[in-house]
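Everything on this sheet refers to the single structure shown next.
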Protein chains: 2
Amino acid sequence: MATIRDVAKLAGVSTTTVSHVLNKTRFVSAEGKAKVEDAVMQLNYVPNTVARSLKGGSSRVLGMLVTDSNNPFYADLIQWVDQVAYRHGYNLILCNTQGNIERAKDYMSMLSQRRVDGMLMMSSDARQLPVSSYGTMPMVMMDSGPDRAGYDRILDDSEQGGYMATKYLLQAGHRCIGLLAGPLEKSNSQNRIAGYRRAMAEAYVEVDESWIQSGEFTYEGGVTAMTELLKQQKKVTSIFASNDLMAMGAIRVAGEHGLIVPKDLSVIGYDDIPGAKYFNPPLTTMRQPLELMAEQAIAMLLARMETPESEGQRTLLTPTLITRDSVAVNLA
Amino acid sequence: MATIRDVAKLAGVSTTTVSHVLNKTRFVSAEGKAKVEDAVMQLNYVPNTVARSLKGGSSRVLGMLVTDSNNPFYADLIQWVDQVAYRHGYNLILCNTQGNIERAKDYMSMLSQRRVDGMLMMSSDARQLPVSSYGTMPMVMMDSGPDRAGYDRILDDSEQGGYMATKYLLQAGHRCIGLLAGPLEKSNSQNRIAGYRRAMAEAYVEVDESWIQSGEFTYEGGVTAMTELLKQQKKVTSIFASNDLMAMGAIRVAGEHGLIVPKDLSVIGYDDIPGAKYFNPPLTTMRQPLELMAEQAIAMLLARMETPESEGQRTLLTPTLITRDSVAVNLA
DNA sequence: GGCGACGTCGCGAATGGTGGCCATGCAATG
DNA sequence: CATTGCATGGCCACCATTCGCGACGTCGCC
């Protein structure tokens with residue numbers, strides 16, 4: 001592959017001049033510029049970013065740690081992050097931890113060896129990482145764990161989301177509302193439960209504890225939690241599922257029990273994954289503002305790269321209600 | 001950040017020795033090794049891959065061009081590719097073209113400037129790229145276009161898949177089988193149609209041309225094609241949709257016309273995207289062997305990196321039938 | 001005619017590592 | 001004791017680029 005030296009030789013100038021015309025970083029006579037440009041064309045010269053990074057200290061690459069890029073929620077988020085990063089001239093290295101801590105550590109180490117300019121952590125595994133040992137690497141956490149000093153965080157206002165979802169069900173006339181919660185140790189699960197309780201309390205509806213069942217944030221988790229819920233004596237006319245995948249699992253189980261959604265059972269999900277509107281029935285859900293999230297995450301990261309010592313920021317994003325066909329409205 | 005020189009100084013050896021103990025690339029006395037390792041710990045030294053790449057000429061990064069990483073089929077594939085690349089010690093740079101040629105070009109140029117070791121093209125936009133102008137960059141195409149000299153390709157045997165799907169419907173007792181085809185200019189659409197025709201011919205069933213409707217490979221495409229199909233006089237008892245998203249769109253439209261799947265209408269999809277088994281009803285579909293695809297794609301790429309001048313390979317992968325609940329079997 | 005200003009551009013060091021080649025010192029062997 | 005061999009490890013050039021410093025030539029002005 002041609003180097004800047006080859007170009008310089010062919011153009012009859014110094015590498016300095018070539019560098020300057022390529023980067024428009026100081027004045028070069030029209031004649032000199034033309035010679036350089038000709039040589040670049042002839043040799044099919046492509047500047048070498050790795051040399052540039054070595055010299056300049058910045059790679060213009062961001063690392064992205066995610067538990068599973070195949071999860072539709074993350075897939076959607078990733079795509080937005082890529083989009084925003086591209087606008088800022090950054091490339092993204094994708095790292096799927098698959099929930100495996102060793103793998104997460106491995107990736108972290110690869111990324112710091114590559115001298116990525118910053119990292120986006122969209123993985124709850126990130127919690128268990130000795131993050132501090134990666135020095136001052138700029139990071140923003142997009143997960144659900146507790147705050148941690150020195151890093152920026154961006155997350156969904158789950159308490160508010162849980163409140164809004166539950167309130168919508170209440171307004172639709174429901175009183176017996178089941179909650180399919182995520183794993184209880186995750187703080188977004190906890191927050192969604194808290195929001196649910198706040199809405200119920202506000203409407204003076206007493207919560208039967210058997211209405212709250214938890215499961216993984218997956219389709220299968222929805223199946224288990226829903227199966228458990230259906231075993232309880234106190235029946236329920238509607239369900240708030242802590243994410244769309246769980247909602248889908250729950251609807252499946254309901255169907256197997258002869259319950260038609262929304263006729264016999266109303267269901268509201270959370271996230272608004274792309275499949276939600278294609279589902280049968282199209283899912284009413286709380287949409288997380290992914291584009292905004294991506295935007296803010298990158299903005300925070302870039303800001304931190306500028307001033308690494310600044311204090312950890314924390315941004316909360318409010319979800320919005322998307323009404324489709326999985327909730328029956330009985331205004332009576 | 002500490003450099004190899006800092007480590008050498010602290011350990012009281014030369015940078016050469018440090019390099020060799022880190023890379024285990026020549027014998028170093030136990031004592032020397034210990035001193036180096038101590039120094040590495042103390043300084044929290046992390047080797048700089050960019051310097052290494054510059055010297056060594058290989059970055060151990062692969063570029064991945066994809067139309068939309070958010071498409072569940074691609075999302076799944078990407079996750080496998082990442083997995084396999086990781087096993088081989090490579091990182092992946094994700095590039096979403098969003099169907100925009102300018103963007104694709106931009107990404108290609110960024111990737112070649114970064115001196116990635118190879119590229120995976122999972123995007124039909126790649127077709128329109130002046131691929132030859134990127135010199136001898138090792139690439140493998142995972143798309144649906146026609147063959148092109150000098151590059152390896154890996155793809156699904158769509159003709160066979162179309163044949164198998166149609167044959168399954170025929171065996172289930174259906175005779176009037178609609179085909180929701182993808183965009184007609186794409187060769188995998190063409191091949192799936194060809195497979196459909198072959199199966200129909202083999203069963204001596206005459207194909208009514210109005211049964212074949214095409215649309216984009218998306219949910220919306222399924223909606224349009226299905227809407228068109230339902231307008232035809234010659235009715236259909238089952239449908240082969242050229243991908244799962246289209247199948248979902250079709251099922252939605254059918255539902256709006258009061259048709260219950262699979263009671264009134266049987267539907268078979270293609271791809272087996274992760275959402276297919278969660279769908280309502282769970283989708284019978286042709287599964288593409290994504291893990292194998294990822295495996296082979298990386299293998300081909302690595303092989304081509306070894307011997308860039310070798311002839312373009314072409315690998316065809318056969319899908320398998322996954323039976324779930326969207327096809328009614330009336331063996332009569 | 002001398003001097004400063006200005007326009008243009010080259011030299012060489014530096015970025016962090018790797019690897020070929022060679023140096024040093026000690027033990028064994030004749 | 002001289003020579004050889006082996007174990008260990010240092011020197012320095014090189015990878016592709018950027019950038020501070022300074023050089024060179026021309027022009028104008030006093």
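Just so we're on the same page: letters track the sequence lines, and every chain starts at 1.
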query: For DNA chain C, what residues of residues 49-56 of chain B have any heavy atom nearer than 4.0 Å?
result: A51(B), R52(B), K55(B)

- request: Specify the residues of residues 4-13 of chain B, ordered by number, for which at least one heavy atom lies under 4.0 angstrom from an atom of DNA chain C.
  value: I4(B), R5(B)

- prompt: Which part of the nucleic acid, if any, lies within reach of V46(B) when heavy atoms closer than 4.0 Å are counted: base, sugar-phosphate only, or nothing?
  reply: sugar-phosphate

message: Over all strands shown, is T16(B) touching base, sugar-phosphate only, or nothing at heavy-atom distances under 4.0 angstrom?
response: base

- request: Check every nucleotide of DNA chain C for an atom under 4.0 Å from a heavy-atom of chain B, then give the first and the last such nucleotide from 5' to 3'.
  value: dG16(C) to dC21(C)

query: Quick one: salt bridge (Lys or Arg N to Asp or Glu O under 4.0 Å) partners of E102(A), sequence neighbours excluded?
result: K105(A)

message: For D271(A), give me all partners under salt bridge (Lys or Arg N to Asp or Glu O under 4.0 Å), at least two apart in sequence or on another chain.
response: none

message: Taking side-chain contact (heavy atoms from CB on, under 4.5 Å) as the definition, give me every residue that meets it alongside S53(A), ordered by chain and number, with sequence neighbours left out.
response: T49(A), S59(A), V50(B)

statement: Hits for side-chain contact (heavy atoms from CB on, under 4.5 Å) against P308(A), two or more places apart or cross-chain, chain-then-number order -> none

Separation of atom [atom1] in [X] from atom [atom2] in [N], rounded to whole Å:
| X | N | atom1 | atom2 | result |
| --- | --- | --- | --- | --- |
| K33(B) | dG9(D) | NZ | C1' | 14 Å |
| L22(A) | dA16(D) | CG | C1' | 12 Å |
| M1(A) | dA16(D) | CE | C1' | 13 Å |

query: Checking only heavy atoms, does the side chain of S19(A) share a donor-acceptor pair with the base of dC19(D) at less than 3.5 Å?
result: no

task: Return yes if the base of dC19(D) and the side-chain atoms of T25(A) contain a donor-acceptor N/O pair under 3.5 Å, otherwise no.
output: no

query: Does any pair with a residue in residues 88-117 of chain B pass ring pair (Phe, Tyr, Trp, His ring centres under 6.0 Å), and if so which ones, sequence neighbours excluded?
result: Y86(A)-Y107(B)

query: Tell me, which pairs form a side chain to side chain donor-acceptor pair (under 3.5 Å) where one or both residues lie in residues 295-307 of chain A, sequence neighbours left out?
result: R87(A)-E295(A), D152(A)-R304(A)

Check nucleotides 5-7 of chain D for protein N or O atoms closer than 3.5 Å to its own N or O atoms and list the pairs.
none

Please tabulate, for the side chains in residues 73-81 of chain A, all donor-acceptor contacts under 3.5 angstrom to protein atoms that are two or more places apart in sequence or on a different chain.
from, atom 1, to, atom 2, distance (Å)
Y74(A), OH, M122(A), O, 3.4
D76(A), OD1, N70(B), ND2, 2.8
Q79(A), OE1, Q83(A), NE2, 2.8

field: Residue closer to the 5' end of DNA chain C, T15(B) versus T17(A) (nearest nucleotide)
entry: T17(A)

field: Rounded distance (nearest 0.5 Å) linking atom CG of D156(B) with atom OG1 of T315(B)
entry: 12.5 Å

task: Working to the nearest 0.5 Å, report the span between CG of L22(A) and CD1 of I4(A).
output: 6.0 Å

statement: Testing dA16(D), dT8(D), dC11(D) for proximity to the side chain of N48(A), the answer is dA16(D)

- request: For the residue pair N91(A) and R114(B), confirm or rule out a side-chain donor-acceptor distance under 3.5 Å.
  value: yes

field: Net bend of the helix from dG1(C)-dC30(D) to dG30(C)-dC1(D), end axes of five pairs each, nearest 10 degrees
entry: 70°

